[in-house]
Structures are given as structure tokens and as C-alpha cells.
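Notes follow once the structure below has been shown.
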Amino acid sequence: MAARVSRRAASIMPSPTMWIQDMVSMLRRSGRGYYSLHVGQPGISPPSGVVEFLSRVLREKSGDISLYAYTSPRGIMELREAIADDLASLGRVKPDPSRGVIVTTGGIEGLFTSIASVTDPGDPVGVVVPAYFHFYSILRLLGNRVVEVSSYPGLDVSEDMWIEVFSKVKAVIVANPDNPTGRTLSEGEARLLAELSCDNRVYLIHDIAYYTLYYEASREWPENYCQDYVVTVGTFSKDPGIPGWRLGFVASSEDVAEAVAHVREATSYNAPLPSQILVLEYLKGRYREKFLPRVIEEYRSRREALAGALEELLPRARFKKPAAGIFIYVDLSNYLKTNSEEWAKRIAVENGVLTVPGTLFGEGGEKWLRLSFAWEPKERLEEAVEIMASKLKG
Ligand SMILES: Cc1ncc(COP(=O)(O)O)c(C=O)c1O
């Protein structure tokens with residue numbers, strides 16, 4: 001007899017991204033090449049100098065037991081200071097490094113522990129649809145009720161929609177820049193969300209996973225207008241680009257940070273020490289100053305190539321060129337006869353083009369696809385669109 005798993009676990013099974021992982025394994029095993037427009041991770045390695053620094057530390061300190069020890073669940077103090085300085089240099093009010101910054105095992109753990117710290121099971125939490133799929137799995141696992149506000153078809157959220165959602169919930173999660181839409185908060189919205197958070201005593205989980213990957217938009221911080229109820233959740237998965245090394249952070253009021261630190265003791269306890277050493281050097285050693293402008297230029301030109309190919313080869317596809325982040329979210333309703341999930345599976349199996357269907361981001365995405373421009377170089381992005389176009393038109 002098959003083992004019975006909990007309702008909690010069953011609520012997130014099977015993961016909606018599972019078929020994509022299966023497809024990647026199948027394509028890898030078959031030895032066929034494929035186009036990775038599905039990944040939410042950079043195709044550019046971190047600066048070699050910082051990786052060499054870490055190798056040197058590992059080599060020279062291999063006999064030093066402190067290299068293998070637990071760190072504080074809050075993270076090493078120097079890194080918390082570097083994160084606080086970094087956020088301040090990017091325009092956010094500076095969090096208190098000793099009491100208001102927690103280093104986490106990636107952004108997902110930052111989201112999980114901060115939502116667990118500010119809500120109870122059953123509490124309603126607002127998300128804007130389309131919404132990053134892990135928001136749903138975290139909220140289901142924690143037993144929260146998801147309150148959705150749809151931004152389809154224009155992918156905009158009006159002031160009235162924000163006011164309504166804040167009136168119904170205990171917390172709201174906003175990705176800024178957003179995944180999958182690339183939408184960013186304007187200054188007016190940042191002020192509005194902060195006001196709604198403080199006035200209604202509703203926590204705003206401000207997910208800034210792509211916080212350095214801006215091309216045109218300005219970076220806005222609701223934290224600057226409401227410090228008690230806005231919780232910043234960040235990650236180093238995208239910059240310097242170490243998603244598999246799991247490092248992120250939460251920056252918040254002392255009370256929330258204290259709770260996050262305790263919740264972390266029951267999740268991963270502390271973030272991997274080698275990753276903390278690497279990111280500390282990345283921030284303190286000023287590697288980003290040279291590295292990031294090159295990365296931004298590269299992503300900008302890939303974005304242009306992908307957007308240009310879509311405009312030329314699929315002129316009836318609708319999308320907004322994102323001013324930040326690494327995705328183009330495209331409406332193919334003028335071309336698609338089937339659901340985008342079925343179509344994404346077909347083009348993956350038959351042509352090796354991997355994309356993420358809009359259905360993974362909540363209701364309303366049935367004709368949409370998320371295309372990442374972070375992994376593949378320009379020419380390959382253009383080839384992938386050519387394949388998609390010939391399939392859609394044929
Ligand atoms: C909007 C958003 N938030 C959080 C995360 C999680 O980041 P991490 O890989 O560090 O767990 C991602 C990753 O893709 C993301 O897109």
C-alpha cells in the first residue's frame with residue numbers, strides 16, 4: 001500500500017515545475033541540445049577573483065575547525081554589516097546590522113521564515129497574479145489563505161486594487177522587480193504600499209530578488225516610508241549569481257528579525273558558511289562595481305535581442321519590455337490554439353525549446369509564456385524565437 005503523506009505536503013504536490021525538471025533530465029540524457037529560456041538563474045559565473053578568494057580560504061584554513069562550525073542563525077556579523085551598507089548604498093533606509101538583518105539559506109527561506117514570522121495558519125496573504133510560483137507553495141505549506149488580485153490583461157495594479165487587497169489580509173507579498181512580469185514599483189506606488197501597510201498594520205513582504213538588475217526603471221523602497229511593517233527579502237542567487245549556493249537575507253524591524261532568527265533555527269539554522277564568506281568578499285572587496293555593469297550590459301543586449309525577435313517574428317505577440325529583472329512575459333493568445341502548458345510541453349519535447357507556461361503563475365496565464373534572457377546568449381535566444389515562430393505559424 002502506498003504511504004500516505006500529510007495534507008500539507010500533498011497540497012504542494014506534484015510541484016507545477018516538476019514536468020520542466022523531468023523534461024530537462026530527459027533532454028540531457030538524450031544528448032540533444034536544448035534552449036534554456038525557462039531558467040530563473042544567471043548564465044554568467046560570479047567574478048573569478050571572488051571565487052579564487054574563497055578557494056584560497058578553503059585551502060589555507062582547511063585545518064581550522066572554525067571553517068566547519070555553525071554560524072549564528074542570524075549570519076556572520078561582518079556579512080550583516082556589509083548587507084546593511086549595501087542596502088543603504090542602493091537607497092534603502094539602513095537596517096540595523098546587529099538586530100535587523102538575518103542571513104538566510106536563499107531567498108526562498110527568507111520568504112518562508114518571514115511569512116511564518118508575521119502570519120499564523122489560516123491568515124489571509126495577498127499576492128498579485130501572475131505570481132512567482134513559490135509564493136503559492138510557501139503559503140500552502142504554512143497554511144495561509146491566498147488572496148489573489150489579478151493584474152491581467154494589462155499586468156498593472158491600480159490604486160483601488162491595492163487598497164482593496166490591503167483591506168482583506170494580514171500580509172501582502174510583492175516582488176519588485178516582479179517575476180514573471182518584470183514590473184517595478186513606481187515612487188508613488190512605493191509610498192502608497194508603505195502607507196497602506198502602516199495604516200492597516202498589514203505586513204508588506206518586499207521581495208527584491210532582482211534588486212540590482214535594473215536597466216531603466218528607478219529602484220523604489222516602501223521601507224523608507226514604513227519601517228515597522230515592511231520586510232525586505234533578498235537573495236544573492238541572481239547577483240553575483242550563486243543560486244545553488246543558497247544565500248539570501250531578510251532586513252526588517254528588530255521584532256520581525258528576532259522572530260525570523262528563531263524560525264530559522266527550526267529550518268536550516270544557518271546559511272552555508274562558504275557562501276557567506278564569498279558574498280562578504282564580493283560586497284566588501286568591491287567586486288560588484290566592476291562585475292555588475294558588464295552583466296547589466298549583457299542582459300540588456302539579450303533583452304533587446306529577445307524582444308526584437310519577438311516583435312519581428314511574432315508581431316501579434318503582446319508583451320511589455322521589462323525595465324528590470326530577467327524575464328519577458330508574453331501573451332500569445334493571438335497565436336495559440338491550445339493552452340500554453342500543453343504547447344510548452346510540446347515545443348520542449350519536439351524542438352528542445354524550454355519555456356515556462358503562464359499557468360504556473362496562477363489563473364489567467366493560460367495563453368502566456370515566461371521567457372528568460374539570463375541564460376542563453378543573444379544568438380541562441382533569436383534561434384529559439386525562430387523555432388517558436390515557425391511552430392506557432394505552421
Ligand atoms: C521573485 C523571486 N523571489 C525569490 C526567489 C528565490 O530566490 P532563491 O533562489 O535565492 O531562493 C526567486 C528566484 O527565482 C524569485 O524569482
Side-chain angles (χ1 to χ4, degrees), residues 12 15-17 20-21 36-44 46 75 79 83 86 102-116 125-139 141-142 151 155 157 171-185 204-214 217 219 231-251 260 264 267-268 270-272 274-276 278-279 282 299 322-329 354-356 358 360-362 365 370-375:
I12 59 162
S15 139
T17 56
I20 302 183
Q21 294 155 25
S36 297
L37 277 68
H38 64 299
V39 290
Q41 60 180 328
I44 299 173
L79 178 57
I83 290 170
D86 183 42
I102 308 289
V103 180
T104 60
T105 306
I108 291 177
E109 196 202 37
L111 290 169
F112 187 94
T113 52
S114 49
I115 296 164
V125 175
V127 299
V128 179
V129 184
Y132 174 50
F133 31 78
H134 287 307
F135 293 167
Y136 289 106
S137 36
I138 292 170
L139 293 173
L141 213 49
L142 287 171
S151 70
L155 306 180
V157 189
V172 175
I173 316 175
V174 173
N176 172 41
D178 185 47
N179 172 4
T181 66
R183 185 179 48 233
T184 52
L185 293 179
L204 171 63
I205 309 294
H206 184 208
D207 175 352
I208 58 162
Y210 303 89
Y211 70 117
T212 58
L213 302 180
Y214 277 71
R219 193 183 287 106
V231 178
T232 314
V233 179
T235 176
F236 297 103
S237 293
K238 322 294 170 179
D239 165 26
I242 50 165
W245 292 26
R246 313 307 297 133
L247 203 74
F249 59 88
V250 173
V260 169
R264 293 209 62 239
T267 54
S268 69
N270 71 255
S275 309
Q276 296 195 53
L278 181 136
V279 169
Y282 178 68
Y299 286 168
I326 57 172
F327 306 111
I328 291 186
Y329 193 53
L354 289 159
T355 61
V356 179
L360 264 58
F361 304 96
R370 188 192 77 178
L371 306 176
S372 161
F373 52 85
W375 188 270

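Every number for a ligand or one of its atoms is a count from 1 in the order of the listing.
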Check: G107 N/O within less than 3.5 Å of ligand 1 N/O: yes
Check: I108 N/O within less than 3.5 Å of ligand 1 N/O: yes
Reported NE2-to-CG distance for the pair H134 and N179, which is rounded to 0.5 angstrom: 9.5 Å
Contacts of D239 that satisfy side-chain hydrogen bond (donor to acceptor under 3.5 Å, both in side chains) - sequence neighbours left out: T212, Y282, R288
Listed partners of Q21 passing side-chain hydrogen bond (donor to acceptor under 3.5 Å, both in side chains), at least two apart: T17
Best match, H134, Q41, K238, R246: closest heavy atom to atom 11 (O) of ligand 1: R246
Around [atom], find the nearest protein heavy atom and jot down its residue, atom name and distance.
| atom | value |
| --- | --- |
| atom 5 (C) of ligand 1 | Y132 OH, 3.4 Å |
| atom 9 (O) of ligand 1 | S237 OG, 3.1 Å |
| atom 2 (C) of ligand 1 | D207 OD2, 3.3 Å |

Structural part of Y210 in contact with ligand 1, heavy atom criterion under 4.0 angstrom: side chain
Ligand 1 contacted by E109 (non-hydrogen, < 4.0 Å): no
Exercise: identify the closest heavy-atom pair between R264 and N270: NH2-C, 3.4 Å
